[in-house]
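Quick notes on the structure that follows.
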Amino acid sequence: MVRDPIEEEFLWMARYPFHPLTRERVFGQLQGSIEDLEEFYSDAVSRLGRALAGEKPVLDENPHRSLVVFYTTVLLVKYLDNWLVERRFVEYEAERAYNYLRMADTDEILKVFKGMGIDLKIVDKRYGVYFRDYIQATRDLPPNWKMIYFPMERGYVYLNKKSLARIGKEVFKDEIIKTIESVESVPSSIGEAAKVLVEAYSDILERLRPQATSIQTRDVERFPPCMKYLYANIGKGLPHPGRFTIVTFLHKMGFTVDEIISLFARTPDFNERVTRYQVEHILGMRGGKIKYDVPSCRKIKSFGFCFPDEICVKHRIRHPLTYVKKVARIGEPGGS
Amino acid sequence: MASQVDHRYIERLFRAYYSGEVAEKIFHSAPEPEKREWAFLRLDGPMVRHVKLTSIDDLHSQLDPPPKGIYYSLSTYEYPDYPMPDKQRIKTDVAFDLDADHIRGAVLQEVSRCKSCGWIGEGDVCRECGGEVRKIQLVDDRTIKSISGEVSRLLDRLANYLDVDIDRLRIFFSGLRGYHIHLEEEPYRSLDSVERIELKDFLTLDGVEIHHAKEPDSAIIRILEECRDVLSEVEDVSVRQVLESLVNSKDNPRHFTSIRKRLGEDRVLRERVSRTVRELCGVNIDPVVVTDMSRLIRAPYSLHGKSSLIKTPLDMEALEALDPPVIALASPSNNMVKVHVDYVPHLIWGGREIPSIHDEDVILPEPLAIYLVNMGLAQGLRHV
Ligand code: SF4
Ligand SMILES: [Zn+2]
């Protein structure tokens, strides 16, 4: 069967809607017309709803529509800005694309991986991933994914198709986060869609609420490296994601709003009122009353503040709060 | 430890060494020297850190009075002289430190000193009073030789499993107890901390459990195969059997699966097997040197404070032949010196046989005499 190449391309993009090649072609345009997406809200709500409910991804939708719905769902996730919602979404979308990747032929596999900047080569029906890409992709996988358990040759780790697809799924997660990060603004009307979602899935969202962390520490030495870094650099002026991250974290560690504000007092352009407003906003005391959570490691990594130490790596830390718990359990951080 | 007189003797030697052309060699021994943090261990104790050198003249000014040790950072920085958090790291060389102290099978000579009466000799208890002894370990040619195999092992792993170009590595005698291997190429200089930890685990086999091997030709099984000649040394019979059958399972996937399964179920056996594999097949590098990006390393061509030997570049051939002996290559001079030795066992130093000496004035090669003084086994250095 001969298919229309343009149609083929759409099918490909719908399978991997977060892929850099797709983003480049489609999302720039969509970002320009976000106010015209209302007709996709209800589909976006159900796509995210399925993700929240942990349902199996739906595969064979109309590719054109599915692409726009994906993007609209991303806008919704961005608006909600809750890491647990985001995590479910990321997991769902990665799983969805993974199902396609498992069935993909060699050309498609190469296009998917190379397009995400992964150094991949095929030798004797095995897939060789360059060891650096392999390590990055398997960071969050359990320790039985250490590269030494696979055949290795001159810098490449050799995998069968199934294992390759599995690590592809991990790389997808990063790309999905990048897609969310790349959103510059959300449509003004999306709050309505969010309301519908929150009502329909209130029970699940309730369950998704992070349990209060019982472990707190005010000892910077026991902070994870990302937070140590941010804390040390508060006085130099942090970019917005950095401020956001450290504020949510310090609050979780039991710092009061006043204490947090006083840390910012050392910044060159300190303005108490503005800072107070921002901090209270982040902590959900103002505005939308949305209480933001401490971002996940994946997210912090995408901000560029992740400097993992042995504890992060050994325990496959995925959230900075888990690091604090781990350190409380095993004692001193750092190995040297 | 050393007396005033000995101190002055050593200082004179260091001064003479550093006043020559060597400063230029030291400066250029670091790729991009102006972007490194330099550090100088002063003869009187303190370490002066966060020094930025922009020229050989800057280095000269640090060499008078002569330092006991010269180091530079594995990382390059935008601001090498700023405090650590503000330096802004650019790239970090990977260095491997192979030190006799943590290498299985390293040969060291031992001297015992009684903790109560000061008796000195060989053995586990004092021959005078039967008291407890403190052991002092000494390096000689045999030590260096005994760990050169570990260097080959490291290089093989780096070249075969990773893609390190061995010809571009710089290999050094560290100045006393072993080797430093500098890897200054991309992409290794750019590895982030997760990648460095994985690299370290890959080499040391830290946390590696063999039953996770996915296939009979997995890297870990091939590594096991490469050390098959030491497998017969394994005393624990059940562990030895497991390892031997894993090595032999190449052509028998069913067999491979069944051993994996057995290990998966038997936690105690699994742990014993893992420990054995780590001990036999892991490369005995100092793990922290690989993972810590703020690490300093001794500068090539500088003197080791304890031995006064030079951190000396070695080419692969010299390394394999070990001839002339590394210690001879690394000696800053061929001078002989008179010294009073309390005790030394028989040593082979720079190709020279040194018989066991007990409470005697003798004439020794200068670096050996200094080494013994620094180890508290000799005193009273005098020119011949
Ligand atoms: S792994 Fe997580 S906890 Fe560790 S430094 Fe990175 S973001 Fe922080
Ligand atoms: Zn005694």
Side-chain angles (χ1 to χ4, degrees), chain A residues 119 121 124 126 128 130-160 162-164 166 220 225-226 228-236 297 301 304 306-317 334-336, chain B residues 83-86 88-89 157-165 186-188 190-224 250 260 264 277-278 281-282 286-295:
Chain A
D119 181 349
K121 65 181 185 186
D124 298 337
R126 284 211 255 204
Y130 192 56
F131 78 99
R132 291 189 70 186
D133 294 330
Y134 181 86
I135 293 171
Q136 293 300 344
T138 52
R139 268 190 65 158
D140 292 342
L141 292 179
N144 63 346
W145 282 86
K146 271 183 175 306
M147 59 186 179
I148 199 166
Y149 299 135
F150 292 85
M152 287 173 70
E153 185 102 35
R154 302 211 172 265
Y156 286 81
V157 182
Y158 286 91
L159 311 166
N160 59 24
K162 194 170 152 217
S163 301
L164 179 75
R166 183 65 190 83
V220 182
C226 48
K228 260 189 215 152
Y229 172 85
L230 290 169
Y231 186 89
N233 285 288
I234 286 181
K236 294 194 194 104
C297 293
K301 194 177 164 213
C306 170
F307 310 102
D309 63 10
E310 286 227 34
I311 295 178
C312 301
V313 176
K314 202 153 266 161
H315 300 284
R316 310 266 155 170
I317 298 293
S336 56
Chain B
M84 202 41 92
D86 303 327
Q88 293 195 28
R89 195 181 64 84
R157 299 267 163 96
L158 293 174
N160 299 338
Y161 297 94
L162 301 167
D163 59 349
V164 172
D165 181 352
E186 290 296 353
Y188 293 89
S190 299
L191 297 186
D192 69 15
S193 51
V194 173
E195 292 163 339
R196 277 164 210 265
I197 294 168
E198 291 297 338
L199 171 64
K200 182 265 294 174
D201 286 354
F202 173 77
L203 293 169
T204 60
L205 306 182
D206 228 3
V208 168
E209 295 193 296
I210 204 157
H211 71 292
H212 288 315
K214 298 287 185 283
E215 292 171 54
D217 63 342
S218 292
I220 181 62
I221 306 290
R222 268 179 60 201
I223 286 170
L224 187 63
K250 260 236 144 61
R260 285 183 49 191
V277 171
R278 198 158 47 243
C281 316
D286 181 346
V288 190
V289 178
V290 176
T291 55
D292 181 1
M293 297 203 262
S294 52
R295 196 80 180 181

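Within every chain, numbering begins at 1; the chains are lettered A, B, ... in the order of the sequence lines, protein sequences first and strands thereafter.
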field: Structural part of A:Arg139 lying under 4.5 Å from a heavy atom of chain B
entry: side chain
message: Report which part of B:Pro187 has an atom under 4.5 Å of a heavy atom belonging to chain A: side chain, backbone, both, or neither.
response: both
- prompt: With B:Asp163, which residues qualify under salt bridge (Lys or Arg N to Asp or Glu O under 4.0 Å), at least two apart?
  reply: none
- prompt: Okay, side chain of A:Tyr149, backbone of B:Val208: is any donor-acceptor separation there less than 3.5 Å?
  reply: no
Non-hydrogen side-chain atoms of A:Asn144 and B:His211 separated by less than 4.5 Å: no
message: Does any backbone or side-chain atom of A:Phe150 lie under 4.5 Å from a heavy atom of chain B? Answer side chain, backbone, both or neither.
response: both
- line: Here the gap from A:Tyr134 atom OH to B:Glu198 atom CD, rounded to the nearest 0.5 Å, amounts to 9.0 Å
query: Is the side chain of A:Arg154 donor-acceptor paired with the backbone N or O of B:Ala159 at a distance under 3.5 Å, no angle test?
result: yes
- line: Per side-chain contact (heavy atoms from CB on, under 4.5 Å), A:Ile135 is matched among B:Asp192, B:Leu191, B:Leu199, B:Val194 by B:Val194
statement: The residue among B:Ile221, B:Ile210, B:Leu205, B:Asp201 that forms side-chain contact (heavy atoms from CB on, under 4.5 Å) with A:Ile148 is B:Leu205
query: Of all of B:Glu209, B:Arg222, B:Met293, which one pairs up most often with chain A through heavy atoms under 4.5 Å apart?
result: B:Glu209
Non-neighbouring partners of A:Lys314 that pass salt bridge (Lys or Arg N to Asp or Glu O under 4.0 Å), sequence neighbours left out: A:Glu310
- request: Ignoring hydrogens and angles, tell me if any N or O in the side chain of B:Ser193 forms a donor-acceptor pair with the backbone of A:Pro308 under 3.5 Å.
  value: yes
- prompt: Which residue out of A:Lys146, A:Met152, A:Gln136, A:Arg132 racks up the most heavy-atom pairs below 4.5 Å with chain B?
  reply: A:Arg132
task: Would you mind checking which part of B:Ile197 comes under 4.5 Å of any heavy atom in chain A, side chain (CB onward), backbone (N, CA, C, O), both or neither?
output: side chain
- request: Could you tell me the separation between the NZ atom of B:Lys214 and the CG atom of A:Asn160, rounded to the nearest 0.5 Å?
  value: 10.0 Å
